[in-house]
*Asks:* 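Dropping a structure here in structure tokens format, bear with me for questions.
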Amino acid sequence: MGSKIVSDANAFVKFLKLCQDENKENCTYMDDISVLLVEKEELLHDIISGNQPIFVCEKAQPKCEPEATETTADTSVVEDTLFKVEQDLGPQPLSVMKARQLLSWYSMAHNPNMPWVEAPGTLHPLWVRCDKSDPCATVWRGVETVYSGNKTSGVKLYTVSCKGPTGDEPSFTTLDELKKEHEKRHHSSTVATKGYAQYNLFCSLKEESMMFESQSRVIASLTWNNVEKVLECPPLSSKASLNIKVTVGDIRSPLYQTYREMEFLLALAEGLRTGETEWLEPVETQSAVDLTRALIEELENVAQGVPGHTAKASEKQKAKTDATAAFSSVVIERGDLDFTEQLWERMRKSVTSYQDISECLKIVVKAVKLGKIKPWIHKDSNSTLSKLILQSYQQQIDTMPLAGLTPANMLLELGLDKIRKDFINYLSYYLVTEVDLQEQVIRVRKLHHLLEILGTCSTFMDLPHDRLFLFTQSCLQYYKTSNYDENHVSQLKIKPALISYFYEKELPFSWAMEVSSGQGSKEVKTTLYLSDKPLVDHVSFDLDAPLDESVNGESEKMSYYRTMVSCSLISFT
């Protein structure tokens, strides 16, 4: 074997070993190759199972010298721009030939039959971005070491090819063709097949008058054995799970009004924390002061027995009950709002300044002190205003200076008190009042997000109570130790029969079939992926047809990118 090949292989694997030992996330080899140390799922989109770190090789980003400029006293400007990247081009592939060379060096170094190439010890798997310039349209090449006990017994070489989208199903690789492709590399008398499918059960809302793009997703993921044909519908014997990501503020959610309430609460809390408040657009046309006066007048009229006011209140409550009839048991609008909660409801929809808050509370405190109203208050209310009203029952009212930020803090207390009672059926961790106001806001916000998730599952998926109960417990436990995160994906195991109604007449946005043979470290797979989006991000594709095609002008036909992953097992023994 040529001395140059040996020296090149030794230099490359020594470089990889150094990057691994020093945990360097981005290094440059020979000026033109970037070597990244990443987690598998970040770049390979779950094409390859597992989550161990890997090396990714790609073309290094081009650098340029700064343009000549007049000399200035401030040399830091030149230093900051030295060797700046002219433009972020995104990840760039290497040639397929270069990828083969890199994988060859890696394999030689691990082969005990080639002692002239220094063994590097255990190295992470190596993957190389490719430019799909060969007839197979190769977009990735990969290699990983296979062990027998503690000794290296071989390597697995991976090839990933990808072709642009098409809706022409006859052009898809068939199951028989996939099996033949597998048999080219592996001579096995028996093979197993496995299917995967993913359906988006909660899509964007589109109407004639509007289009609302939501980040909320409910993805049904199903796996099953013994595939019979491409794009077959998963059988009821499949294993299924729901991957749920809910972004608060979706107008379809049964908790949308709770979201608006939380939105105001968070804006008020943030303003008190930072000193800068971004007031929301008022929902009510009347001013906050006028609405507060009207509430006081209603209570005075009811106390004086003015005809029509009691009946009016009853009709209003009936309207509320009718409006919530369509909601699931997860979301029940309360019918026992006390005075402070009614005041909060009016003020959150109308205040636009701290002056509004101060004037409204001054009107209320004055009416209480003069004995014009003696409103009903929940016994367990913790707000300052509630305590003041309770004192008025005994005609012993403390002095209440409504200056500075005191009125805003009082309003925030009213909101927390009201929302906690809305969420009263949930764990005390989220409702505790012994922590400071800002921490109370954080916990209530978490609980609201959990209710959004449960409301979506119950209202749109109509999931049974026993599944929701277990799911609720896991979600509550998660948020006890985790920060607020709308991007978190919650997973719920479920029987396919409970969700088959949603997917049996739909096409999946992702579908795959796998042919496998062998066991343990010698297991090898050949897999076909069909997906509505490309599984690679470093090459472009020619569109064979528009992504949304209509069939007879009536229904849409799905177009899929076709990705093939094949594996070869090279034994050193």
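Keep in mind that this is a model prediction, so the values were computed, not measured. The first residue of the sequence shown is numbered 1, and numbering continues consecutively from there.
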*Asks:* Which is it for Thr292 and Leu343 under the side chain to side chain contact (heavy atoms under 4.5 Å, CB included) test, yes or no, and what are the steps along the way?
*Replies:* CA-CA 7 Å; Thr292 302; Leu343 179 64; 4.0 Å; yes

*Asks:* Hey, does Arg348 have a side-chain heavy atom less than 4.5 Å from the side chain of Leu411?
*Replies:* no

*Asks:* Between Thr223 (side chain) and Tyr196 (backbone), is there a donor-acceptor pair under 3.5 Å?
*Replies:* no

*Asks:* Is the shortest side-chain N to carboxylate O distance from Lys418 to Glu261 below 4.0 Å?
*Replies:* yes

*Asks:* Rounded to the nearest 0.5 Å, what separation is found between the CD1 atom of Ile377 and the CG atom of Asp338?
*Replies:* 4.5 Å

*Asks:* With a sphere of 6.0 Å drawn around CZ of Phe469, does it hold more than 12 non-hydrogen atoms of other residues, nucleotides or ligands?
*Replies:* no

*Asks:* Is the Tyr478 to His488 ring centre distance short of 6.0 Å?
*Replies:* yes

*Asks:* Side chain to side chain contact (heavy atoms under 4.5 Å, CB included) for Tyr529 and Tyr560? Distances and angles first, verdict last.
*Replies:* CA-CA 9 Å; Tyr529 292 87; Tyr560 291 106; over 6 Å; no

*Asks:* Say whether, by atom type as modelled, one donor and one acceptor occur between the side chain of Ser531 and the main chain of Pro534 under 3.5 angstrom.
*Replies:* no

*Asks:* Measure from the ring center of Tyr561 to the ring center of Phe541 and say whether it is less than 6.0 Å.
*Replies:* yes

*Asks:* Using the side-chain contact (heavy atoms from CB on, under 4.5 Å) definition, which of the options Leu222, Leu507, Ile499 pairs with Tyr199?
*Replies:* Leu222

*Asks:* Any side-chain to backbone donor/acceptor pair from Arg129 onto Glu58? Under 3.5 Å, distance only.
*Replies:* no

*Asks:* Give the minimum heavy-atom separation between Leu450 and Cys475, together with the two atoms involved.
*Replies:* CD2-CB, 3.5 Å

*Asks:* Donor-acceptor pair, Ser392 side chain versus Gln395 backbone, under 3.5 Å?
*Replies:* no

*Asks:* If I take atom OG1 from residue Thr352 and atom CG from residue Leu280, how far apart are they, to the nearest 0.5 angstrom?
*Replies:* 10.5 Å

*Asks:* Regarding Ser510 and Asp532, do their side chains bring together a donor and an acceptor under 3.5 Å, going by distance alone?
*Replies:* no

*Asks:* Tell me if a side-chain donor or acceptor on His449 pairs with a main-chain N or O of Val246 at a distance below 3.5 Å.
*Replies:* yes

*Asks:* Step by step, would you call Phe264 with Trp344 a ring pair (Phe, Tyr, Trp, His ring centres under 6.0 Å)?
*Replies:* CA-CA 11 Å; Phe264 180 83; Trp344 158 261; 5.5 Å; yes

*Asks:* Check for a donor-acceptor pair, side chain of Thr406 on one end and backbone N or O of Ala403 on the other, with a separation under 3.5 Å.
*Replies:* yes

*Asks:* What's the separation between atom CE in Met461 and atom CG in Leu492, rounded to the nearest 0.5 Å?
*Replies:* 9.0 Å

*Asks:* Which pair of non-hydrogen atoms, one from Gln52 and one from Pro125, has the smallest distance, and what is that distance?
*Replies:* OE1-CD, 3.6 Å

*Asks:* Tell me, do Cys457 and Leu468 make a side-chain contact under 4.5 Å, heavy atoms counted?
*Replies:* yes

*Asks:* Just by distance, do the side chain of Ser381 and the backbone of His378 share a donor-acceptor pair under 3.5 Å?
*Replies:* yes

*Asks:* Salt-bridge test for Arg443 and Glu439: reply yes if a basic N is under 4.0 Å from a carboxylate O, no otherwise.
*Replies:* yes

*Asks:* Can a donor-acceptor pair be found, under 3.5 Å and without considering hydrogens, that links the side chain of Asn26 to the backbone of Leu36?
*Replies:* no

*Asks:* Apply the test side chain to side chain contact (heavy atoms under 4.5 Å, CB included) to residues Thr277 and Tyr354: give CA-CA distance (whole Å), side-chain angles for both, the deciding distance (0.1 Å), then the verdict.
*Replies:* CA-CA 9 Å; Thr277 304; Tyr354 286 113; 2.5 Å; yes

*Asks:* Can you confirm whether more than 12 heavy atoms, excluding those of Asp21, are under 6.0 Å from its CG atom?
*Replies:* yes

*Asks:* Do Lys362 and Glu359 sit within salt-bridge range, that is, some charged N less than 4.0 Å from a carboxylate O?
*Replies:* no

*Asks:* Is any side-chain heavy atom of Asp466 closer than 4.5 Å to one of Leu470?
*Replies:* no

*Asks:* Mark yes or no for whether Ser253, through its side chain, and Asp250, through its backbone, hold a donor-acceptor pair below 3.5 Å.
*Replies:* no

*Asks:* Within a strict 4.5 Å, meaning less than it, do heavy atoms of the Ile494 and Ser241 side chains meet?
*Replies:* no

*Asks:* Give the minimum heavy-atom separation between Glu284 and Ser350, together with the two atoms involved.
*Replies:* CB-CB, 4.3 Å

*Asks:* Ignoring hydrogens and angles, tell me if any N or O in the side chain of Lys446 forms a donor-acceptor pair with the backbone of Ser482 under 3.5 Å.
*Replies:* yes

*Asks:* Could you go step by step and tell me if Gln440 and Arg420 meet the side-chain hydrogen bond (donor to acceptor under 3.5 Å, both in side chains) rule?
*Replies:* CA-CA 10 Å; Gln440 290 180 45; Arg420 268 195 296 265; 2.7 Å; yes

*Asks:* Above 12 or not: heavy atoms from other molecules or residues under 6.0 Å from NZ of Lys366?
*Replies:* no

*Asks:* Nearest 0.5 Å, what's the OG-CG distance between Ser383 and Asp417?
*Replies:* 5.0 Å

*Asks:* For Tyr484, is the NZ or CZ atom of Arg445 found under 6.0 angstrom from the centre of its six-membered ring and inside 45 degrees of the ring axis?
*Replies:* yes

*Asks:* Can you measure from OG (Ser216) to NZ (Lys245) and round to the nearest 0.5 angstrom?
*Replies:* 8.0 Å

*Asks:* Which is it for Gln198 and Trp511 under the side chain to side chain contact (heavy atoms under 4.5 Å, CB included) test, yes or no, and what are the steps along the way?
*Replies:* CA-CA 6 Å; Gln198 288 188 309; Trp511 192 95; over 6 Å; no

*Asks:* Mind checking whether Lys372 and Ile296 have side chains closer than 4.5 Å, heavy atoms only?
*Replies:* no

*Asks:* Any non-hydrogen side-chain atom of Tyr430 less than 4.5 Å from a side-chain atom of Leu476?
*Replies:* yes

*Asks:* Between atom OH of Tyr503 and atom CG of Leu201, what is the distance when rounded to the nearest 0.5 Å?
*Replies:* 9.5 Å

*Asks:* For the residue pair His124 and Phe55, categorise the inter-ring angle as parallel (less than 30°), tilted (30 to 60°) or perpendicular (more than 60°).
*Replies:* tilted

*Asks:* Please examine the side chains of Lys387 and Thr384, heavy atoms only from C-beta on, and report whether any two atoms are closer than 4.5 Å.
*Replies:* no

*Asks:* I'd like to check Trp140 versus His538 (side-chain heavy atoms, cut-off strictly below 4.5 Å). Are they in contact?
*Replies:* yes

*Asks:* Relative to the ring of Tyr259, is the ring of His448 parallel (under 30°), tilted (30 to 60°) or perpendicular (over 60°)?
*Replies:* parallel

